[in-house]
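Right, one structure below, let's go through it.
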Amino acid sequence: MSYEKELQIAQLAVQRATLLTQRVFHEKAKGTLSKDDKSPVTIGDFGAQALIIHAIKSNFPKDEIVGEEEASLLRENKNLSSQIWDLVKSASLEDQSSENELGGPVESEEQMLRAIDAGNSAGGAHGRIWALDPIDGTKGFLRGGQYAVCLALIEDGDVKVGVLGCPNLPIDNAAPLSADIGNESGQGRGVLFAATVNSGASSRPLGRGALQKRQPIHMKSVPDITHATFCESVEASHSSHGDQAEIAKKLGITKESVRMDSQAKYGSIARGAGDLYLRLPVRKDYQEKIWDHAAGDLIVREAGGEVTDAEGERLDFSKGRTLKENKGVVAAPRDVHPQVLEAVKSVLSSKK
């Protein structure tokens with residue numbers, strides 16, 4: 001199966017949702033709330049989820065969706081719901097045929113709320129399930145840094161389509177990663193990464209209408225691991241910075257790691273702007289969410305990389321809404337992944 005229609009709809013849906021997120025991004029007040037786990041959520045998260053789920057359900061009505069948000073907060077807070085509805089009803093692509101492909105606009109505030117709540121799949125090993133993170137890297141979004149709109153199709157437990165909208169990454173695939181990459185936006189920025197299984201990965205500029213021209217992307221060869229560029233999370237609560245520093249030392253890497261939020265890290269290494277991405281366990285009971293990794297995992301693998309957990313096992317998206325069978329993430333070009341993994345195992349085993 002080619003998944004051409006799924007890829008087309010996923011890219012257009014993510015592109016349309018980024019228009020909404022960018023509008024919120026440039027507002028001083030982003031309508032921030034705290035969820036039960038104290039993680040932040042914005043009006044942009046709710047609006048982007050509604051738009052993407054509406055597009056999926058219009059095209060693939062029987063598919064399930066694992067979404068990060070649900071609408072109970074909005075049903076209790078009519079003012080907040082109304083604020084999000086104003087964003088959703090005004091978010092549209094400038095190309096009418098593309099807008100039609102997505103099923104047209106969300107037609108009412110109630111339909112918006114129902115769309116948000118349709119992201120309630122439990123996930124699992126059977127059937128077609130979309131994993132959606134409407135704004136990955138909300139803290140980066142709030143501080144004016146990197147974030148991503150992430151969507152992946154998982155079929156019978158395997159990722160088949162992955163799309164990342166990264167509004168604040170440079171369009172130029174050759175632009176090097178710098179220490180200040182986490183706080184950049186504006187002219188010359190906005191990338192849509194995509195991949196389908198066994199068909200390679202690509203990037204294209206994020207636009208406001210029809211999809212723009214694609215470019216194939218590939219991970220960079222790393223003949224000397226000591227010159228590699230590490231990417232890691234900004235938040236120490238997401239990944240152990242101390243362990244990463246030890247791993248870098250063991251590999252002879254002296255270059256300062258580049259810290260940025262969201263799956264923008266996966267996109268950055270997939271196109272060769274960076275080389276390695278580690279997300280190391282901060283506590284034994286933590287379970288990664290499938291929507292935080294599904295799209296990036298496929299894009300890196302289709303660009304010539306390898307993605308495993310800290311034990312060398314492939315990420316298993318068949319266990320529900322979390323990666324409960326995996327601990328940590330190690331993403332690297334295929335030829336050096338074993339070397340990086342060995343260093344990861346060495347450092348982490350010494351901590352047990």
Side-chain angles (χ1 to χ4, degrees), residues 39 136-137 139-140 145-146 176-179 181-182 219-270 272-290 292-294 296-301 303-317 319 322-352:
S39 61
D136 182 29
K139 289 183 179 177
Q146 295 298 328
L177 285 184
S178 58
I181 192 76
M219 293 198 78
K220 190 171 62 183
S221 176
V222 185
D224 184 349
I225 195 73
T226 64
H227 295 156
T229 298
F230 260 124
C231 295
E232 65 176 335
S233 300
V234 173
E235 301 293 325
S237 60
H238 291 167
S239 184
S240 172
H241 292 162
D243 288 344
Q244 167 131 343
E246 286 189 45
I247 291 162
K249 186 176 179 181
K250 189 170 278 289
L251 292 169
I253 297 171
T254 56
K255 195 187 300 184
E256 187 178 355
S257 67
V258 176
R259 292 178 180 173
M260 68 171 87
D261 297 277
S262 83
Q263 288 184 67
K265 296 183 284 293
Y266 279 112
S268 293
I269 69 168
D275 302 303
L276 316 172
Y277 165 40
L278 297 186
R279 188 169 170 110
L280 303 170
V282 289
R283 60 177 208 265
K284 288 183 178 179
D285 63 338
Y286 184 74
Q287 294 182 6
E288 298 282 353
K289 309 298 191 297
I290 64 170
D292 285 330
H293 298 282
D297 169 84
L298 181 66
I299 289 166
V300 165
R301 289 190 289 108
E306 190 65 67
V307 184
T308 69
D309 66 10
E311 296 294 325
E313 300 294 326
R314 277 278 303 276
L315 302 187
D316 187 346
F317 295 96
K319 302 301 182 186
T322 68
L323 296 171
K324 61 180 68 174
E325 298 297 320
N326 301 111
K327 293 297 178 189
V329 176
V330 180
R334 230 164 251 139
D335 55 346
V336 298
H337 186 275
Q339 190 178 355
V340 177
L341 182 62
E342 185 181 348
V344 169
K345 287 181 175 179
S346 173
V347 168
L348 295 186
S349 66
S350 70
K351 301 295 176 73
K352 290 180 179 176

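Given the structure is predicted, the values throughout are model-derived calculations rather than measurements.
Looking at Glu232 and Arg259, a side-chain N of the basic residue comes within less than 4.0 Å of a carboxylate O on the acidic one, giving a salt bridge. Lys139 has no carboxylate O lying under 4.0 Å from a charged side-chain N of Asp261, or vice versa, which leaves the two without a salt bridge.
Rounded to the nearest 0.5 angstrom, Met260 CE and Ser268 OG are separated by 3.5 Å. Taking CD of Gln244 as the start and CD of Glu246 as the end, the distance is 11.5 Å to the nearest 0.5 Å. Taking CZ of Phe317 as the reference point, atom CD of Glu288 lies at 10.0 Å (rounded to 0.5 Å). Note that CZ of Phe230 and CG of Leu276 are 5.0 Å apart. Values are rounded to the nearest 0.5 Å. For the atom pair NE2 (His337) and CE (Met219), the distance works out to 9.5 Å, reported to the nearest 0.5 Å.
For the pair Arg334 (side chain) and Arg301 (backbone), a donor-acceptor distance under 3.5 Å is present. Under the 3.5 Å distance criterion, the side-chain polar atoms of Lys327 are matched with a main-chain donor or acceptor of Lys284. Looking only at distances, no side-chain donor or acceptor of Lys319 sits under 3.5 Å from a matching main-chain atom of Asp316. Using modelled atom types, one side-chain atom of Asn326 and one backbone atom of Arg314 make a donor-acceptor pair closer than 3.5 Å. One N or O on the side chain of Asp275 and one on the backbone of Thr229 form a donor-acceptor pair closer than 3.5 Å.
Counting all heavy atoms, side chain and backbone alike, Leu177 lies closest to Val258 at CB-CG2, 4.1 Å. Gln339 and Ile225 get closest at one heavy-atom pair: NE2-CG2, 3.3 Å. Closest non-hydrogen pair, Ser349 versus Ser346, comes out as OG-O, 3.0 Å. Between Asp335 and Pro338, the shortest heavy-atom contact is O-CD, 4.1 Å. Between Ala310 and Leu341, the shortest heavy-atom contact is O-CD1, 3.6 Å. Ala270 approaches Ala303 most closely through the heavy-atom pair O-CB, 3.5 Å.
The side-chain heavy atoms of Ile247 and Leu280, taken from C-beta on, include a pair separated by under 4.5 Å. With contacts defined as side-chain heavy-atom distances shorter than 4.5 Å, the pair Tyr266/Val300 qualifies. In this structure, Leu278 and Val329 have side chains that are not in contact, with every pair of non-hydrogen atoms separated by 4.5 Å or more.
Environment of CD in Glu342: sparse, with no more than 12 heavy atoms of neighbouring residues, nucleotides or ligands closer than 6.0 Å. Applying the 6.0 Å contact sphere to NZ of Lys250 captures no more than 12 heavy atoms from other residues, nucleotides or ligands.
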Val330 and Tyr277: side-chain contact (heavy atoms from CB on, under 4.5 Å), yes or no, with the steps? CA-CA 6 Å; Val330 180; Tyr277 165 40; over 6 Å; no

Can you list the steps and then say if Thr308 with Glu313 is a side-chain hydrogen bond (donor to acceptor under 3.5 Å, both in side chains)?
-> CA-CA 5 Å; Thr308 69; Glu313 300 294 326; over 6 Å; no

Subject >> Verdict with reasoning, Cys231 to Ile269, per side-chain contact (heavy atoms from CB on, under 4.5 Å) >> reply: CA-CA 8 Å; Cys231 295; Ile269 69 168; 4.0 Å; yes

Open item on the list: Is there a side-chain contact (heavy atoms from CB on, under 4.5 Å) between Val222 and His227? Walk through the geometry before answering.
Closed with: CA-CA 8 Å; Val222 185; His227 295 156; over 6 Å; no

field: Audit row: Leu315, Val307, side-chain contact (heavy atoms from CB on, under 4.5 Å) steps and yes/no
entry: CA-CA 7 Å; Leu315 302 187; Val307 184; 3.8 Å; yes

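For the 3.5 Å distance criterion, the side chains of His293 and Gln263 fail to qualify, holding no donor opposite an acceptor.
Here Asp292 pairs with nothing under the salt bridge (Lys or Arg N to Asp or Glu O under 4.0 Å) rule; sequence neighbours left out.
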